[in-house]
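Residue numbers begin at 1 in each chain, while the letters A, B, ... track the order of the sequences.
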Amino acid sequence: MSFGFNILKDRQIDFDTNDLSLARFLSLYEPSFRLCISCGGCTATCIANHHSGLSLRKIFILINRGITADIKHELDNCMLCGKCVIACPRGVNTRGLILKISELTKNSEI
Amino acid sequence: MNKKVVVVVGGGIAGIEASAFLSYMGFEVVLVEKENTLGGHVLNWEKLFPTMRYGSEVLDFLLQGISPKVNVYTCCEVNSISKKEHQFFVELSNGENFISDAVLVTTGYDLFDARIKEEYGYGIYENVFTSADLEMIFTAKKTLLTKQNKVPLKIGFVHCVGSRDEKVGNVYCSKVCCVTAVKQSIEIKQIYPDSEIYCFYMDLRMYGMHFEHLYKEAQEKYGVHFIRGRLSECFENVDKSILVKVEDTLTGRPLKMNVDILVLMVGFVPRKSTKKIADLIGLENGRNGFFKTKDQHTLTNVSNIPGVFFAGCCTSPKTITNTITDARAAASTIASYLLHHEIDKRTINLAP
Amino acid sequence: MLEEGKKRIWAEYQKAVPDNNYYFVRSCIRQTFFPGSEQAFIRIIRNELGKDIYETPYHTTCTGIGYHSDIIPFETTMTVVARQFALMTEAGYSNYIPSCITSFGLYTEVLETWHHFPEIEAHIRENLWKATKREFKIPDNLSHPSDIFYHFRKNIAEKAKYSLVDIESGQPLNVVEHIGCHYSKMFPGKGIGGAEYPCVLIGMIEAWGGNAIDYPERRHCCGFGFRQYIVQSNRGYSVSCSRKKFESMKPYQPDLILTNCPGCPMFLDRWQYVISEIEGKTYGKNNQGIPVFTYEELAGLILGYDPWELGLQLHQIDCEPLLKKMGIKYNPSEKYLGYNREYIGKPEITKNLFHCC
């Protein structure tokens, strides 16, 4: 039966029901992942960001919240130049994490 | 020649350290404390940031300067002070009177009453604690459990409760709460390594030496999570866990999650009883309700009444390190005042 | 929940409720959705409590719906409100009791506007004089009928034949209460108990033997609003608000929902059906819904009035399981017999929301 409208989806992040397994795996695999404070220094210096909108800050925070559905192809635009590693004030091994996440997405382990 | 007398009002760490220095400098010191022991708020803090050393060690070090040189009156309050020329007539609640040449006010602070923030549920929902409650549990060596006697698996910390909040009338930052939250997170992780801890902050003020190091350690070694977003409100679920609603500003979406215990980081507020002292002598209050110092840079221990001085948190929120330094500075300032040293006669010359 | 914490806040928000001589004003839409409610209110005030209540056939809508939908300008609304007050003054009353919560909020807003801007009040007096040659006095007291029931809740409890208790187990019923947004969210001081957790319905529930539930989305709006609801394609927004509330209250297994607004019970009642059709989800026990009542219907039920006279057959969610739980005597065969005992028609059976019988 059509009522003429659909029930709106809720934007609220229901944190307890989200899947945090990728975040937990990365925290153990590369402990510097935990140091990210979302300052955006990596994204600011990233050249791929200017052209494709690749935002490493956004990817890391989405992983930390368990919202991993959108990140599969986001990292395709990374050229592994390493500027983010130089820019990070906290010493996060950004390039290593990018490689690991790409590997996991390729093998569809997410 | 008779020794000059200084009456110190308040037996917290500022009062203790200033009294000790003043007495060793050669003055007669009367230290008045309302409670039945000296020590003030430090008695309730177990471990201190950023080194996690015991507060009792600091207190013990300071108290070594006290006996037998300082006249300590505990369980006493100041009932009246009146100034006549350069001296003060001080009457205590136990009936004793003193004529002193200087008065040092070290009455300290109160913690913000978290019940005022009714949306955070303190006093309404059982599993909402304040940082002071948590510290009391550590000091008393009790096990940290929810009010249903279960081990908490998720704990939330709410920063800026009663500080940086126009709605409760406290616009200022209380300085010490952010690093205390990080410290308490680490302490809980040390007790319960499998727990998950979430700190909900607006800004993280890690200004002091080694604070940033503690923050990094909390993230890297202990896995404490930080979510940037101010709590709007919290509720209680069927099982008495706390449902927290916050805007996750970094993803730009509202977020809700359940925690077993919610800890509110309460800030400093001016002590209510200082109003009594202020009214007795005529001390001015600054913009935030704390005492106003004569000059914010050069005369932070001097009040608007000649002969009355300040030390410690009665003028602004301070860390323990800063308080002890301030107390020693107050002792020097009082000494140079009482001995009529030239250095006490400097003036502020406004720039043209 | 620690009651002492809440009671401290409730004590800060109290208001004066008049004891007698009520000037009653009806709601535009309540009589369509819950026809028995307003009549029950008048009956209880007159017969059970013995008070004086008066209503005039000349009163109109307060234009609250139009005002909140941005169709009617504020000046027009204020002039209509002034006319309503004029009718009250002419009838010789000064305690204004609007049946609708939105009206209550609107009247409060208008009175506050006039209080802070006397020049606007003077302007409206002039408007009214030019339009109708009427004059008005500001009411001494503006209260909502639920405030009056709260005031007399113990008197009603004394005369009650039933209470909010499950007769089989002897346990108090779990009652979810829902306050209309316009009651105290705009002017917290005008609601009993403030804006965060008004106690006007809690007081009634506890006086009548029930157990009030505090659940996380308690103060969330049901989604009625006016602007989003009036346009059909926007109603999904409204339904998602109600759904948030249902998802949140489900673990507490409520037996009924109590409301004090015209729109809220309509939404909470009807949307359970819509959600069951669109998503297949139900929130009560045994795939049934949670019955929704207005405070007049609930007061009428516990005083022993006939459920069908109160208009409960027009509820989408069947009330019979609750009536059985409370031990209320009723005649099932009379459900669809209306005024003059004529058959008024029976609704179709729904797909997912099971009827009780």
Q: What distance do A:I61 atom CD1 and B:T249 atom OG1 have between them, rounded to the nearest 0.5 Å?
A: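 The distance works out to 8.0 Å.
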Q: Tell me, for B:K245 versus chain A, whether the close heavy atoms (under 4.5 Å) come from the side chain, the backbone, both or neither.
A: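 Only the side chain of B:K245 comes within 4.5 Å of chain A.
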Q: About how many Å separate CG of A:L35 and OH of B:Y215, when rounded to the nearest 0.5 Å?
A: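 B:Y215 atom OH to A:L35 atom CG measures 9.0 Å (nearest 0.5 Å).
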Q: Check this for me: B:Q296, atom CD, are more than 12 non-hydrogen atoms of other residues, nucleotides or ligands nearer than 6.0 Å?
A: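 Result for CD/B:Q296: open.
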Q: Do NZ/NE/NH1/NH2 and the carboxylate oxygens of B:K256 and A:D16 come within less than 4.0 Å?
A: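 Not counted as a salt bridge, because no side-chain N and carboxylate O are separated by less than 4.0 Å.
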Q: Can you tell if the side chain of A:I37 reaches within under 4.5 Å of the side chain of B:Q219, non-hydrogen atoms only?
A: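 Yes; the side chains approach each other to less than 4.5 Å.
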Q: Quick check on B:D248 against chain A: is it the side chain, the backbone, both or neither that has a heavy atom closer than 4.5 Å?
A: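 Looking at B:D248, just its side chain touches chain A.
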Q: Can you establish whether the number of heavy atoms outside A:D10 located under 6.0 Å from its atom CG is more than 12?
A: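 Atom CG in A:D10 is crowded, with more than 12 foreign heavy atoms closer than 6.0 Å.
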Q: Does B:R253 use its side chain to pair, donor to acceptor, with the backbone of A:R11 at less than 3.5 Å?
A: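 Checked: pair present.
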Q: Under a 4.5 Å heavy-atom cut-off, does chain A meet the side chain of B:Y222, its backbone, both or neither?
A: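 When you check distances to chain A, only backbone atoms of B:Y222 fall under 4.5 Å.
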Q: Please round to the nearest 0.5 Å and tell me the distance separating atom CG of A:D14 and atom CG of B:N258.
A: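 Nearest 0.5 Å value for the CG-CG distance: 8.0 Å.
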Q: Looking at B:M136, I want to see if its CE is surrounded by more than 12 non-hydrogen atoms of other residues, nucleotides or ligands under 6.0 Å.
A: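 No - once you tally the heavy atoms of other residues, nucleotides and ligands closer than 6.0 Å, there are 12 at most.
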Q: Check each atom of B:L204 against the heavy atoms of chain A and say whether the ones under 4.5 Å are side chain, backbone, both or neither.
A: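 For B:L204, neither part sits under 4.5 Å from chain A.
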Q: Should we count CD of B:Q190 as having more than 12 external heavy atoms under 6.0 Å?
A: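 Result for CD/B:Q190: enclosed.
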Q: From B:T251 OG1 over to A:L62 CG, what is the distance, rounded to the nearest 0.5 angstrom?
A: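 Between atom OG1 of B:T251 and atom CG of A:L62 there are 7.0 Å.
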Q: Please report the interatomic distance NE2(B:H225) to CZ(A:R65), rounded to the nearest 0.5 Å.
A: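 One finds 9.5 Å between NE2 of B:H225 and CZ of A:R65.
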Q: Return the CD to CZ distance between B:E196 and A:F15, rounded to the nearest 0.5 Å.
A: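 Spacing of CD (B:E196) from CZ (A:F15) equals 8.0 Å.
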Q: Got a salt bridge between A:R90 and B:E220, using NZ or NE/NH1/NH2 to carboxylate O under 4.0 Å?
A: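 Salt bridge between A:R90 and B:E220, a charged N being under 4.0 Å from a carboxylate O: no.
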Q: In this structure, are over 12 heavy atoms from other groups packed under 6.0 Å from A:I47 atom CD1?
A: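 At most 12 heavy atoms, drawn from other residues, nucleotides or ligands, come within 6.0 Å of this atom.
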Q: Within a radius of less than 6.0 Å around NZ of B:K189, do more than 12 heavy atoms belonging to other residues, nucleotides or ligands occur?
A: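 Correct, the count exceeds 12.
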Q: Considering residues, nucleotides and ligands other than A:H50, do more than 12 of their heavy atoms fall under 6.0 Å from its NE2?
A: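 Yes - once you tally the heavy atoms of other residues, nucleotides and ligands closer than 6.0 Å, there are more than 12.
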Q: Check each atom of B:E217 against the heavy atoms of chain A and say whether the ones under 4.5 Å are side chain, backbone, both or neither.
A: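 For B:E217, neither part sits under 4.5 Å from chain A.
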